[in-house]
Amino acid sequence: MAFELPPLPYDYDALQPHMSAETLQYHHDKHHQAYVDTLNKLLPGSGFEGKSLEDIVKESYGKNQPIFNNAGQHFNHTHFWRWMKKGGGGKKLPAKLQTMIDKDLGGYDKFRNDFIEAGKGQFGSGWAWLTLKDGKLEVTKTPNGENPLVHGGWPLLGVDVWEHSYYIDYRNARPKYLEAFVDNLINWDHVEEMLEKASS
Ligand code: FE2
């Protein structure tokens with residue numbers, strides 16, 4: 001069965017002023033749609049058809065770059081929309097996550113700084129992550145469409161640092177976009193859902 005673009009879980013203007021309707025129209029309707037369409041074109045006869053998206057990401061890594069790029073980006077963006085919400089961000093963390101961030105990452109303020117620095121430090125296109133690996137939290141970054149799945153981890157939270165994610169609203173000011181994402185957009189409920197998925 002072909003993969004489909006999931007609808008945005010909110011209106012296009014829901015994340016303003018931190019992320020504009022124009023950004024979401026381009027990013028979701030054009031960029032994410034293109035990853036889905038290209039993946040669906042590449043799958044027939046590839047040996048990956050019929051597999052779950054997560055399995056395609058893991059199994060195509062290092063073996064089929066075009067399929068990996070588009071499957072990785074479909075996975076990443078599907079969660080990216082849900083990692084944001086109107087009125088999100090800040091320190092209102094679910095208790096279990098707060099405990100883990102305190103224990104593994106030195107507290108919320110250090111997590112915030114390290115996550116923003118990871119996004120700033122990713123040269124060119126890519127993602128910054130809050131990753132669960134071997135039962136512990138880590139802040140990591142990956143290039144292009146890569147994600148923690150291919151490094152033995154599980155993504156709890158990710159932020160897209162491709163220019164298409166912020167150029168309309170922030171031009172070249174990637175740090176401002178990252179601060180707005182962390183302070184005003186993160187949907188901690190979806191982070192918690194990802195944590196529950198990891199342990200199920
Ligand atoms: Fe993107």
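For this chain, numbers begin at 1 and follow the sequence in order. Every number for a ligand or one of its atoms is a count from 1 in the order of the listing.
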Are a donor atom and an acceptor atom from the side chains of W81 and H32 found within less than 3.5 Å of each other?
yes

Between K96 and E192, does at least one N-O distance fall below 4.0 Å, as a salt bridge requires?
no

For the Fe ion (ligand 1), what is the number of protein N, O or S atoms at a distance under 2.8 Å?
4

Would you call the rings of H164 and H27 parallel, tilted or perpendicular, taking 30° and 60° as the class edges?
tilted

Hey, are T142 and W129 close enough side-chain-wise for a donor-acceptor pair under 3.5 Å?
yes

For atom OH of Y12, decide whether the heavy atoms of other residues, nucleotides or ligands shown that lie under 6.0 angstrom number more than 12.
yes

Starting from the C-alpha separation in whole Å, work towards a yes-or-no answer on ring-ring contact (aromatic ring centres under 6.0 Å, His included) for W127 and H77.
CA-CA 10 Å; W127 294 74; H77 286 82; 5.1 Å; yes

